[in-house]
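Keep in mind that the numbers below use all heavy atoms, side chains included, and drop hydrogens, waters and symmetry copies. Read the numbers this way: they start at 1 and go in the same order the structure lists the ligands and their atoms.
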Amino acid sequence: MKSILVTGGAGFLGSHLCEYLLNKGEHVICLDNFFTGSRNNIVHLIDHKNFELVRHDITMPYYVECDQIYNLACPASPIHYQYNAIKTIKTCVLGMHNMLGLAKRLNARLLQASTSEVYGDPLEHPQKESYWGRVNPIGVRSCYDEGKRAAETMMMDYHRQNKVDIRIIRIFNTYGPRMALQDGRVVSNFIIQALGNKDITMYGDGSQTRSFCYVSDLIEGMVRAMNQDYIGPINLGNPGEFTILELAKKIIEMTGSSSEIVYRELPKDDPVKRRPDISLAQEKLSWAPSVPLSDGLKTTIEYYRKMCSIPNGY
Ligand code: NAD
Ligand code: UDP
């Protein structure tokens, strides 16, 4: 049995990862400051004999014994990471530094949940790991984009200089049950709006594209990336590319909603297109996503239908 620290373990992806690792028979230390995560995401794991829950903020040093660290702690929704931009960049950079220090002291393997945002508003399409990206260093998204880029830099420097055992994955838009009701990212927003027959808030004209990966596919790729030899970075995402308008129409149809689409201003620096090239993940991890958008949306809609029918969501 390995002892595994999951930072951000009470968040959307973190809670699915904790569950996956417990099911594999590992011991899981779930660390979270509950900024965007919730105890409700992991309440079903609390009594598991191999599960520990720690309230802590990774911008402060943390000491524990473990074999592996998954560093997921960081708000991921643009609304949440821009809410306190200084805190976001501190979480990305100071948090990464603290986790690298911990990994170095323990000789533990550390996987960083990086992001497709390191490619910014890309000129290369689809995006390969070799692409250096096109990121505004001083814009409203920079606390996250540049924070994650600096975290990758620190990971590589600790690896080159101190031989810290690192893995980096670049996650592309992932969705599924347990995204917070107020998360603000597009899939949960549209589903919740559609289920309530409320206006669907389309930012811009909806021609911008994203590629949506279902959470179970992503978690499988993440664990494979941790337990193999390639250092990274490795793109993880679903190459199926959709315009945001297509997504809205699909969700309206699948929910049988009477919602209307209303157009709002496109947020600053919102990338025009995004699609992962996953040939590296296919080669190194023998991984490719298997859940089509329609199937993933069906499960996610069911989840929110249940959540929205309960006062306060739970
Ligand atoms: P989330 O907001 O649901 O989860 C983030 C978790 O980190 C939350 O539980 C939050 O409370 C916790 N957290 C935030 N700051 C912290 C701090 N300083 N100390 C301790 N805990 C802290 O988001 P998510 O979608 O689950 O994302 C998880 C990770 O994956 C993030 O690092 C994110 O950047 C990365 N990622 C996610 C996606 C995606 O599409 N879901 C895409 C790219 C990258
Ligand atoms: N978006 C939208 N309406 C919403 C939320 C998001 O049109 O209510 C758009 C957003 O402008 C972006 C895309 O959907 O072009 C994906 O946004 P999200 O916040 O999910 O993630 P991003 O990929 O931008 O980080």
Side-chain angles (χ1 to χ4, degrees), residues 6-18 30-39 41-42 54-60 62 70-82 84 87-88 90-92 94-96 98-99 111-118 121 141 144-145 147-148 151 169-176 178-180 182-193 199-215 218-219 222 235-238 242-245 247-248 261-274 276:
V6 178
T7 78
F12 161 50
L13 294 181
S15 63
H16 286 278
L17 177 63
C18 289
C30 166
L31 179 154
D32 209 292
N33 72 349
F34 299 110
F35 174 47
T36 52
S38 160
R39 219 181 127 84
N41 286 337
I42 37 128
V54 182
R55 180 188 280 263
H56 184 80
D57 190 309
I58 61 158
T59 59
M60 305 292 175
Y62 179 67
Y70 288 86
N71 187 37
L72 272 62
C74 184
S77 152
I79 290 177
H80 289 142
Y81 70 64
Q82 288 169 32
N84 186 343
K87 178 71 192 204
T88 299
K90 279 182 166 176
T91 296
C92 289
L94 300 180
M96 184 85 270
N98 287 328
M99 289 305 121
L111 177 142
Q112 165 66 350
S114 191
T115 168
S116 54
E117 290 279 322
V118 301
D121 193 7
R141 291 175 88 105
Y144 182 77
D145 299 7
K148 291 281 188 177
I169 55 168
R170 292 180 178 158
I171 305 170
F172 285 65
N173 298 64
T174 300
Y175 69 98
R178 298 201 202 125
M179 292 179 93
Q182 300 78 17
D183 184 272
R185 279 176 279 183
V186 69
V187 174
S188 50
N189 259 16
F190 284 2
I191 293 177
I192 293 163
Q193 290 163 348
D199 288 346
I200 302 279
T201 51
M202 182 68 56
Y203 303 159
D205 62 5
S207 62
Q208 69 272 34
T209 70
R210 294 293 187 273
S211 303
F212 299 102
C213 184
Y214 189 64
V215 61
L218 194 279
I219 298 298
M222 187 184 302
N235 287 341
L236 291 182
N238 191 321
F242 298 85
T243 68
I244 299 303
L245 193 57
L247 177 75
I261 295 174
V262 296
Y263 292 85
R264 301 275 178 264
E265 202 181 330
L266 188 68
K268 242 188 138 313
D269 295 335
D270 200 284
V272 172
K273 52 187 182 297
R274 183 182 289 158

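Only the side chain of N173 comes within contact range of ligand 2, with a heavy atom under 4.0 Å; no backbone atom does. For I244, every heavy-atom contact with ligand 2 shorter than 4.0 Å involves the side chain, none the backbone. Contact annotation: for N189 versus ligand 2, heavy atoms closer than 4.0 Å belong to the side chain alone. Contacts between R185 and ligand 2 below 4.0 angstrom, taking non-hydrogen atoms only, involve backbone and side chain alike.
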Pick out the protein N or O atoms lying less than 3.5 Å from any N or O of ligand 1, and list each pair with its distance.
unit_1	atom_1	unit_2	atom_2	d
ligand 1	2 (O)	T36	OG1	2.6
ligand 1	3 (O)	F12	N	2.9
ligand 1	7 (O)	C74	N	3.3
ligand 1	9 (O)	G11	N	3.0
ligand 1	9 (O)	D32	OD1	3.1
ligand 1	9 (O)	D32	OD2	2.5
ligand 1	9 (O)	G37	N	3.2
ligand 1	11 (O)	D32	OD1	2.6
ligand 1	11 (O)	N33	OD1	3.4
ligand 1	11 (O)	F35	N	2.9
ligand 1	11 (O)	T36	N	3.0
ligand 1	11 (O)	G37	N	2.9
ligand 1	13 (N)	N33	OD1	3.3
ligand 1	18 (N)	D57	OD1	3.0
ligand 1	18 (N)	T91	OG1	3.1
ligand 1	19 (N)	I58	N	3.0
ligand 1	21 (N)	N33	N	3.2
ligand 1	21 (N)	N33	OD1	3.3
ligand 1	25 (O)	R185	NH1	3.0
ligand 1	25 (O)	R185	NH2	3.0
ligand 1	26 (O)	F12	N	3.4
ligand 1	26 (O)	L13	N	2.8
ligand 1	32 (O)	L72	O	2.9
ligand 1	32 (O)	K148	NZ	2.8
ligand 1	34 (O)	Y144	OH	2.6
ligand 1	34 (O)	K148	NZ	2.9
ligand 1	40 (O)	T174	N	2.7
ligand 1	40 (O)	T174	O	3.4
ligand 1	41 (N)	R185	NH1	3.0

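For Y144, the ring pair (Phe, Tyr, Trp, His ring centres under 6.0 Å) criterion is met by Y81, not counting sequence neighbours.
The shortest N/O to N/O separation between P271 and ligand 2 does not fall below 3.5 Å.
Between Q193 and ligand 2 there is no heavy-atom distance shorter than 4.0 Å. Under a 4.0 Å heavy-atom criterion, G184 is in contact with ligand 2.
Formation of a donor-acceptor pair under 3.5 Å by the Q112 side chain with backbone atoms of M96 is not found in this model. Looking only at distances, no side-chain donor or acceptor of T243 sits under 3.5 Å from a matching main-chain atom of T209. Of the possible donor and acceptor atoms, one in the side chain of D32 sits under 3.5 Å from a partner among the backbone N and O of A10. Between the D199 side chain and the T201 main chain, no donor and acceptor come within less than 3.5 Å of each other. No donor-acceptor pair under 3.5 Å is formed between the side chain of T91 and the backbone N or O of T59. Looking at T7, its side chain does come within 3.5 Å of a backbone N or O of L72 through a donor-acceptor pair.
Between D57 and K87 there is a salt bridge, since a side-chain N of the basic residue sits under 4.0 Å from a carboxylate O of the acidic one. Salt bridge absent: E117 and K148 never bring a charged side-chain N and a carboxylate O closer than 4.0 Å. Contact check on D270 versus R210 returns a salt bridge, with a Lys/Arg side-chain nitrogen under 4.0 Å from an Asp/Glu carboxylate oxygen.
Near E117, the atoms of ligand 2 lying under 4.0 angstrom from a non-hydrogen atom of the residue are 25 (O). Ligand 2 places these atoms under 4.0 Å from at least one heavy atom of F190: 2 (C), 3 (N), 4 (C), 7 (O), 8 (O). Here is the list of ligand 2 atoms found below 4.0 Å of a heavy atom in P78: 19 (O), 25 (O). If you number the atoms of ligand 2 from 1 as listed, the ones under 4.0 Å from a heavy atom of M202 come out as 7 (O).
Of all protein heavy atoms, the one lying nearest to atom 10 (C) of ligand 2 is D270 OD2, 3.4 Å. Closest protein heavy atom to atom 20 (O) of ligand 2: V186 N, 2.8 Å. Shortest contact from atom 3 (N) of ligand 2 to any protein heavy atom: T201 O, 2.6 Å.
Here atom 5 (C) of ligand 2 lies nearest to Y203 when heavy atoms of Y203, Y144, F172, Y175 are compared. Residue R141 holds the heavy atom nearest to atom 25 (O) of ligand 2 of all those in K273, R264, R141, R210.
A heavy-atom distance below 4.5 Å is not found between the side chains of L245 and D205. A 4.5 Å side-chain heavy-atom check between C213 and F172 finds every atom pair outside the cut-off.
For the atom pair NE2 (H16) and CG (N41), the distance works out to 7.5 Å, reported to the nearest 0.5 Å.
Nearest approach of I171 to A113, heavy atoms of both residues: CD1-CB, 3.9 Å.
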